[in-house]
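These notes concern the structure reproduced below.
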Amino acid sequence: HHGAGHYVSYCLQQDFLSGWQSLLGRYEYLEGDVLDFRRSLEGTLAALAAERHTETDLVRMQFWLDELQSAYMAKDLNKQSQADVGFHQAIAEAAHNVLFGQLSGSLLRMLHQHTQKNLANMFYVSDLKSELRHQHQAIFDAIRKRQPQKAYKVAQQHIDYVRDTLVKSRELQQREAR
């Protein structure tokens with residue numbers, strides 16, 4: 001709208017998401033592609049958040065870190081997934097780029113169920129709460145200290161860890177099934 005700002009159509013967002021959801025629902029092997037995409041996106045968002053965050057952004061990220069901790073303590077997988085998505089979306093919003101924020105929000109909403117499944121599979125291997133908590137804290141610390149290169153690196157390492165743990169989980173489940 002000229003003179004009134006930019007608006008993102010909900011219909012456009014739904015069309016965008018439905019194609020991705022359909023693909024992911026039918027082809028589990030695309031999970032690697034999703035993690036590749038997330039690795040790139042999460043690194044970029046963390047670096048931008050390190051450069052551009054406000055104090056309000058830090059408060060929002062800390063809120064989600066606290067929610068994650070609470071979910072870990074309660075062993076509430078649904079709450080863990082919600083808090084994980086909330087934390088990563090808070091980082092996206094701290095990048096202060098409307099397009100990245102919308103893309104991240106759409107992607108994370110779509111992946112909420114996928115994230116729950118990933119967490120369940122990851123915890124199948126071992127108790128990863130401590131490592132995941134450390135990784136999320138490291139991302140937050142790099143953003144808070146305005147260290148974009150470090151934020152980029154630790155965000156990507158986090159996604160790499162998720163990928164590696166999921167692979168190990170599947171291998172273990174396959175061995176047990178045999």
Side-chain angles (χ1 to χ4, degrees), residues 8-50 61 64 68 71 77-78 80-126 128-129 131-136 138-140 142-143 148-178:
V8 176
S9 167
Y10 181 74
C11 294
L12 179 63
Q13 193 175 39
Q14 283 304 107
D15 287 344
F16 174 75
L17 286 178
S18 66
W20 283 24
Q21 284 173 321
S22 175
L23 279 174
L24 288 176
R26 283 185 282 162
Y27 305 107
E28 192 169 304
Y29 68 84
L30 290 176
E31 183 177 87
D33 291 353
V34 170
L35 289 168
D36 282 345
F37 183 75
R38 276 198 67 196
R39 183 181 195 273
S40 180
L41 183 63
E42 298 284 346
T44 298
L45 292 172
L48 288 173
M61 283 182 261
W64 288 113
L68 264 171
L77 201 58
N78 185 51
Q80 286 176 40
S81 177
Q82 289 174 338
D84 188 270
V85 166
F87 176 69
H88 288 284
Q89 184 58 28
I91 291 171
E93 291 168 5
H96 293 278
N97 179 304
V98 173
L99 295 177
F100 276 139
Q102 287 294 318
L103 177 61
S104 175
S106 298
L107 180 63
L108 289 170
R109 272 191 300 281
M110 180 188 70
L111 293 177
H112 176 71
Q113 188 172 13
H114 183 257
T115 300
Q116 262 186 305
K117 186 176 120 190
N118 283 352
L119 285 169
N121 286 335
M122 288 169 67
F123 286 110
Y124 182 79
V125 174
S126 63
L128 307 170
K129 291 182 276 239
E131 183 60 31
L132 290 173
R133 183 174 37 246
H134 173 71
Q135 290 173 9
H136 285 118
I139 296 167
F140 176 72
I143 291 169
Q149 291 176 335
K150 184 172 184 180
Y152 183 88
K153 181 181 172 187
V154 295
Q156 287 194 327
Q157 288 172 338
H158 169 61
I159 300 299
D160 290 343
Y161 178 78
V162 168
R163 177 195 314 271
D164 293 345
T165 304
L166 288 172
V167 167
K168 288 176 187 171
S169 170
R170 282 205 188 84
E171 289 172 354
L172 178 61
Q173 288 174 357
Q174 289 170 354
R175 278 194 302 274
E176 288 181 355
R178 285 190 296 249

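- We find the CG-CG distance between Asp160 and Asp36 to be 9.5 Å, quoted to the nearest 0.5 Å.
- Ring orientation note: the planes of His88 and His158 are close to parallel, at an angle under 30° on the 30°/60° scale.
- With values rounded to the nearest 0.5 angstrom, Gln135 atom CD is found 6.0 Å from Tyr161 atom OH.
- For the residue pair Ser40 and Gln156, the shortest heavy atom distance occurs at CA-NE2, 4.1 Å.
- Here the closest non-hydrogen pair linking Val154 and Ala142 is CG2-CB, 4.5 Å.
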(request) For Val167 and Glu171, run side chain to side chain contact (heavy atoms under 4.5 Å, CB included): C-alpha distance rounded to whole Å, both residues' side-chain angles, the deciding distance at 0.1 Å, then the answer. (result) CA-CA 6 Å; Val167 167; Glu171 289 172 354; 3.5 Å; yes

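- Under the side-chain contact (heavy atoms from CB on, under 4.5 Å) criterion, Lys153 pairs with Gln157, sequence neighbours left out.
- Nearest approach of Leu35 to Ile159, heavy atoms of both residues: O-CG2, 3.5 Å.
- Closest of all the heavy-atom pairs between Gln89 and Ser104 is OE1-OG, 3.0 Å.
- Judged by distance alone, the side chain of Ser106 and the main-chain N or O of Gln102 form a donor-acceptor pair under 3.5 Å.
- Contact check for Ile91 versus Met61: side-chain heavy atoms found under the 4.5 Å cut-off.
- Partners of His96 by side-chain hydrogen bond (donor to acceptor under 3.5 Å, both in side chains), not counting sequence neighbours, listed by chain and number: Asp57.
- In this structure, Glu42 CD and Ile139 CD1 are separated by 7.5 Å, a value rounded to the nearest 0.5 Å.
- Here the straight-line distance linking atom CG of Leu132 with atom CG of Asp84 works out to 7.5 Å at 0.5 Å rounding.
- Not counting sequence neighbours, Asp164 has no partner by the side-chain hydrogen bond (donor to acceptor under 3.5 Å, both in side chains) test.
- The shortest non-hydrogen separation linking Ile143 to Ala151 is CG1-CB, 4.1 Å.
- Residues Val85 and Trp64 have side chains not in contact (no heavy-atom distance under 4.5 Å, counting atoms from C-beta outward).
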